[in-house]
**Student:** 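Please read through the structure below; I'll follow up with questions.
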Amino acid sequence: MADYILLMHTDGGPEAGNAWEAYTAKLNALGVFRGGSSIGSGITLRKQGAPGPLAAHLAGFIRVEAPNLEAAQKLAEGNPAYEAGATVEVRELPED
């Protein structure tokens with residue numbers, strides 16, 4: 001099993017009221033939920049030179065465990081941002 005992060009973008013429509021509670025409960029019931037949060041404002045830093053722009057299109061993340069990328073991708077089903085039409089990136093979190 002590997003860890004994956006689902007990054008929700010801000011390009012979707014309005015989400016249903018308590019849909020996040022139901023979605024995280026589903027992931028918990030499957031035993032794959034490893035946390036998540038909305039993402040607030042912040043800054044970018046770089047030791048030397050001008051930093052790149054802040055990725056303002058990111059709204060939040062969910063961390064899950066899955067056997068492979070395809071299984072992690074299926075966990076986006078029911079995600080309130082995804083269901084509202086937002087882009088969801090699914091990225092593996094490799095062990096470094």
Side-chain angles (χ1 to χ4, degrees):
M1 296 285 259
D3 284 341
Y4 293 86
I5 190 167
L6 282 63
L7 297 166
M8 280 71 72
H9 291 213
T10 59
D11 60 351
E15 299 165 12
N18 66 346
W20 283 106
E21 190 174 312
Y23 177 64
T24 56
K26 172 188 140 183
L27 295 178
N28 268 320
L30 293 171
V32 299
F33 184 66
R34 299 295 176 262
S37 177
S38 58
I39 298 174
S41 62
I43 62 170
T44 59
L45 304 170
R46 186 173 181 174
K47 188 170 182 174
Q48 295 180 356
L54 186 69
H57 65 278
L58 295 177
F61 74 94
I62 295 286
R63 187 172 178 160
V64 295
E65 185 177 276
N68 54 48
L69 181 60
E70 292 76 25
Q73 177 183 340
K74 289 181 182 175
L75 295 174
E77 294 173 11
N79 178 295
Y82 179 75
E83 298 299 337
T87 300
V88 175
E89 290 182 45
V90 181
R91 302 276 194 104
E92 185 175 1
L93 297 172
E95 293 183 27
D96 294 337

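Numbers here simply count residues along the sequence, with the first being 1.
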**Student:** Give the cluster check for Val64 versus Val90: same hydrophobic cluster or not, with ILVMFWY residues linked at side-chain heavy-atom distances below 4.5 Å.
**Tutor:** yes
**Student:** Following the transitive rule for hydrophobic clusters with a side-chain heavy-atom cut-off under 4.5 Å over Ile, Leu, Val, Met, Phe, Trp and Tyr, establish whether Phe33 and Phe61 coincide in one cluster.
**Tutor:** no
**Student:** Quick one: does His9's side chain get under 4.5 Å of Leu58's, heavy atoms only?
**Tutor:**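 Yes. Closest side-chain heavy atoms under 4.5 Å.
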**Student:** Show every donor-acceptor pair shorter than 3.5 Å between a side-chain atom in residues 35-50 and any protein atom, with sequence neighbours excluded, or say none if there are none.
**Tutor:**
residue : atom : partner : partner atom : Å
Thr44   : OG1  : Gly52   : O            : 2.8
Arg46   : NE   : Gln48   : O            : 3.1
Arg46   : NH1  : Ala50   : O            : 3.3

**Student:** Quick one: salt bridge (Lys or Arg N to Asp or Glu O under 4.0 Å) partners of Glu89, sequence neighbours excluded?
**Tutor:**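 Per chain and number, Glu89 pairs via salt bridge (Lys or Arg N to Asp or Glu O under 4.0 Å) with Arg91.
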**Student:** Please output the side-chain donor-acceptor pairs of residues 73-86 that fall under 3.5 Å, not counting sequence neighbours, one pair per line with the distance.
**Tutor:**
residue : atom : partner : partner atom : Å
Asn79   : OD1  : Ala81   : N            : 2.9
Asn79   : OD1  : Tyr82   : N            : 3.1
Glu83   : OE2  : Gly78   : N            : 2.8

**Student:** As an exercise, state the distance from CH2 of Trp20 to CD of Glu15, rounded to the nearest 0.5 Å.
**Tutor:** 5.5 Å
**Student:** Would you say that Ile62 contacts Ile5 through its side chain, given a criterion of any heavy-atom pair below 4.5 Å between the two side chains?
**Tutor:** no
**Student:** Which value, rounded to the nearest 0.5 Å, describes the distance between Glu92 atom CD and Asp3 atom CG?
**Tutor:**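 Output value for this atom pair is 9.0 Å.
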**Student:** Using a 6.0 Å cut-off, check whether atom CD of Glu70 has over 12 heavy atoms from anything other than its own residue.
**Tutor:**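 Yes, CD of Glu70 has more than 12 neighbouring heavy atoms, counting only those of other groups under 6.0 Å.
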**Student:** Calculate, to the nearest 0.5 Å, the distance between atoms CG and CD belonging to Leu93 and Glu65 respectively.
**Tutor:**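 CD of Glu65 is found 11.5 Å from CG of Leu93.
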**Student:** Please check this pair: side chain of Tyr4 against backbone of Leu69, looking for a donor-acceptor N/O pair closer than 3.5 Å.
**Tutor:** yes
